[in-house]
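See below for the structure under consideration.
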Protein chains: 2
Amino acid sequence: MADVAREAGVSRTTVSFVLNNVADSNIPEATRERILQVARELNYVPNVQALNLVTGQTMMIALIVRQTSEQMSIDTFTGEFIRGVTTVIEAQNYHLLVHAAEPDAPESTYGKLVRTRKVDGLLVTSPLVNDPEVRLLHDEGTPIVLNGSTDADDIPSVDVDNRQGAYTAVRHLINIGHRRIGHISNAPFSYRSSSDRLEGYRQALAEAGILYDLNLVMQGEFTPSSGFRPMLALLDSPEPPTAVFVGSDTVAFGALEAVRHRGYRVPEDVSIIGFDDIVFSQYTLPPLTTIRVPAYRLGYSAGELILKIIQGEKLPDYRVVLPTELVIRRSTVKRP
Amino acid sequence: MADVAREAGVSRTTVSFVLNNVADSNIPEATRERILQVARELNYVPNVQALNLVTGQTMMIALIVRQTSEQMSIDTFTGEFIRGVTTVIEAQNYHLLVHAAEPDAPESTYGKLVRTRKVDGLLVTSPLVNDPEVRLLHDEGTPIVLNGSTDADDIPSVDVDNRQGAYTAVRHLINIGHRRIGHISNAPFSYRSSSDRLEGYRQALAEAGILYDLNLVMQGEFTPSSGFRPMLALLDSPEPPTAVFVGSDTVAFGALEAVRHRGYRVPEDVSIIGFDDIVFSQYTLPPLTTIRVPAYRLGYSAGELILKIIQGEKLPDYRVVLPTELVIRRSTVKRP
DNA sequence: TCGCGTTACTAACCCGTGTCAGTCAAAAAA
DNA sequence: TTTTTTGACTGACACGGGTTAGTAACGCGA
């Protein structure tokens, strides 16, 4: 910038005024043109580091991901989510920093990012949603948005309507004649998403006057293999279900496998409905009926929300809840 | 830092010396202790922006991804790759910036990142590997590592041995008695990965004395649906193959679907082998025989390589080629 | 007592930018 | 003619650190 100033025969201040289009700095058109010309010739590009230093903004938002390698390899959600986030924030000149929080290093691994002024705000994905560090940072005034629901109602978050989605799924099974309906969760019930989905399941049953039977409720944990045993258990129970609501497509793959393993068929012997609608659910045998979760739009919303918070907008409600959608394919069928 | 200096009754310089453990600055233990104590009390954290400005380093590496939303939703590779990269670079205090390059904005969208000093280096994923911008940046001296192979041999890159992997796949089919073997690519043949895999396919055929038949070679494009039609075409041909090597698991899913669609069975009527070994390949019906690509390790290697380049290490060879592994499951079977 | 080498620091400059408070000459108003 | 206003700029400080060159005080040997 100093070079440009020298070359154009003006002060650095003037160059700054011109390049930033500062109002009330009456620079005549001739000078302005000359400066722009020189800047172009000298191939001037501002140093954002210096800019950040003086403005106090980093134009950077961190996405904190805590997943094992195994989870990551299964996960198509995060990719779509990232795409949604970047689409919004890059349009406003922000960038996304992806940070993998180590499961064993319990704290301050990501708090450091904001304390050292590396980023302006934090997007935190679900397993960390109840981390005390999150609470602390939020109370310190750090712009933060959770992806997933917590019990902490005052922290901004973005999530899908899990209860409603589960309700819709089970309602669908009931509508097509099922009364004995099992459930395998997507994750341990300590996760809010799991307990919310369970609640939706129970609500649908209650409305239809079906008794809640604890023997029909099993716990899955993210992976296909975690759906295998629970499904076997359901099939082997004295009074097996005619339909099962699985809280995650990925877990449902293991469940499908288990049904085949016992020599039964989907959907003739058991109907199965999943949750998430990942791409591969179209290609299982049979294609999986499921509840669609708009991963891209969740990311998009999270991006919008964090930007608003960073820019100090006062919003009436900091929580975004997106609707789900029932996608009927071939793994569920009318009970004769 | 000025606060710490004032509180400790020393100059800012001294504080800097102590905090950075500068050699040859003989600060007595007493003073050192006092400064550290005050820094702790005042909860001092350095401002990395300021540090970056003075050191000229940003401790930031960008990963440039160019994928459509649809590709992203299928992709489990990128997630694992990211995990590999962050594992290495965060250990050295670097961070990863993920940038989604718009397919329509052809250039300088990511070059800007390095020119404005936002990042110290670039990791570029495959669709962009032949982008002229890449060439330009490399020639300008930007530290850059490609994920995927190009014809430009002088640019550092990380990739799997595509030719060898394909060779192994087809060799496997030949070993179990197949002679009429089709191929559906993972991507258009303009992609280096596709043409390399095709080459491996041809090499295996040639070695076994099998004539290369162009009618048996089809083109896929990333998605399951792009594997559907080509497979139908192969099945409907006058002399259909008894086995097909598909250049991508994802595309293979569509192929499996096509086989069922025509009322045939895998592997009894056609054997199918994929490429990538994504998690879901274990859960197709039948589970897919495939070639494993170490996504995490590719990311890890890419991270190591870019750090070495940034730190100015002169390496004999800037190209990393990782081996693949044959994973035999149930979609391939001995030809009677 | 003087000179010199250590020890324990510090003043001042630099990185690349934004921005406020002036400055100076020319034009307009009194 | 003198004063005021306007136009066109610029000097200097700030952001939060790293670093080089230098200095004051002290101890020690001659």
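Each chain gets a letter, A, B and so on, in the order the sequences are listed, and its residues count up from 1.
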Using atom [atom1] of [X] as one end and atom [atom2] of [N] as the other, report the distance to the nearest whole Å.
{"X": "B:Gln57", "N": "C:dG16", "atom1": "CD", "atom2": "P", "answer": "14 Å"}
{"X": "B:Asp24", "N": "C:dC9", "atom1": "CG", "atom2": "C1'", "answer": "15 Å"}
{"X": "A:Arg6", "N": "D:dT10", "atom1": "CZ", "atom2": "P", "answer": "14 Å"}
{"X": "B:Phe17", "N": "D:dA21", "atom1": "CZ", "atom2": "P", "answer": "12 Å"}
{"X": "B:Asn26", "N": "C:dG5", "atom1": "CG", "atom2": "C1'", "answer": "13 Å"}
{"X": "B:Asn20", "N": "D:dG16", "atom1": "CG", "atom2": "P", "answer": "17 Å"}
{"X": "A:Met59", "N": "C:dT17", "atom1": "CE", "atom2": "P", "answer": "16 Å"}
{"X": "B:Arg12", "N": "D:dG16", "atom1": "CZ", "atom2": "C1'", "answer": "7 Å"}

Does [X] use its side chain to pair, donor to acceptor, with the backbone of [Y] at less than 3.5 Å?
{"X": "A:Thr55", "Y": "A:Gln57", "result": "yes"}
{"X": "B:Ser16", "Y": "B:Arg12", "result": "no"}
{"X": "B:Asp161", "Y": "B:Val321", "result": "no"}
{"X": "A:Ser157", "Y": "A:Ser149", "result": "no"}
{"X": "B:Arg117", "Y": "A:Asn47", "result": "no"}
{"X": "B:Arg32", "Y": "B:Ile27", "result": "no"}
{"X": "A:Asn52", "Y": "B:Gln49", "result": "no"}
{"X": "A:Arg66", "Y": "A:Ala101", "result": "no"}

Practice item. Please state whether the phosphate of C:dT10, meaning OP1 or OP2, lies under 4.0 angstrom from any side-chain nitrogen or oxygen of B:Thr14. Key: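 Yes.
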Point to revise | Short side-chain N/O contact to C:dG18 OP1/OP2 from A:Ser16, under 4.0 Å | key: yes
Check your understanding: Between the side chains of B:Gln37 and B:Arg34, does any donor sit under 3.5 Å from an acceptor?
Key -> no
Exercise for review: Answer with yes or no whether B:Thr13 presents, from its side chain, a donor or acceptor under 3.5 Å of a partner atom in the base of D:dT19.
Suggested key: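 Yes.
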Review point. Hey, what's the ring geometry for A:His99 with B:His95, parallel, tilted or perpendicular (30° and 60° as the breaks)?
Key: tilted
Considering every strand and a 4.0 Å limit on heavy-atom distances, what is the contact class for [X]: base, sugar-phosphate, or nothing?
{"X": "A:Ser25", "value": "nothing"}
{"X": "B:Arg117", "value": "nothing"}
{"X": "A:Thr31", "value": "sugar-phosphate"}
{"X": "A:Val10", "value": "sugar-phosphate"}

**Study point:** Strand-adjacent residues in residues 43-54 of chain A, judged by heavy atoms under 4.0 Å from DNA chain D
**Key:** A:Leu53, A:Val54
Short heteroatom pairs, N/O only, protein and nucleotides 23-28 of chain D, under 3.5 Å:
none

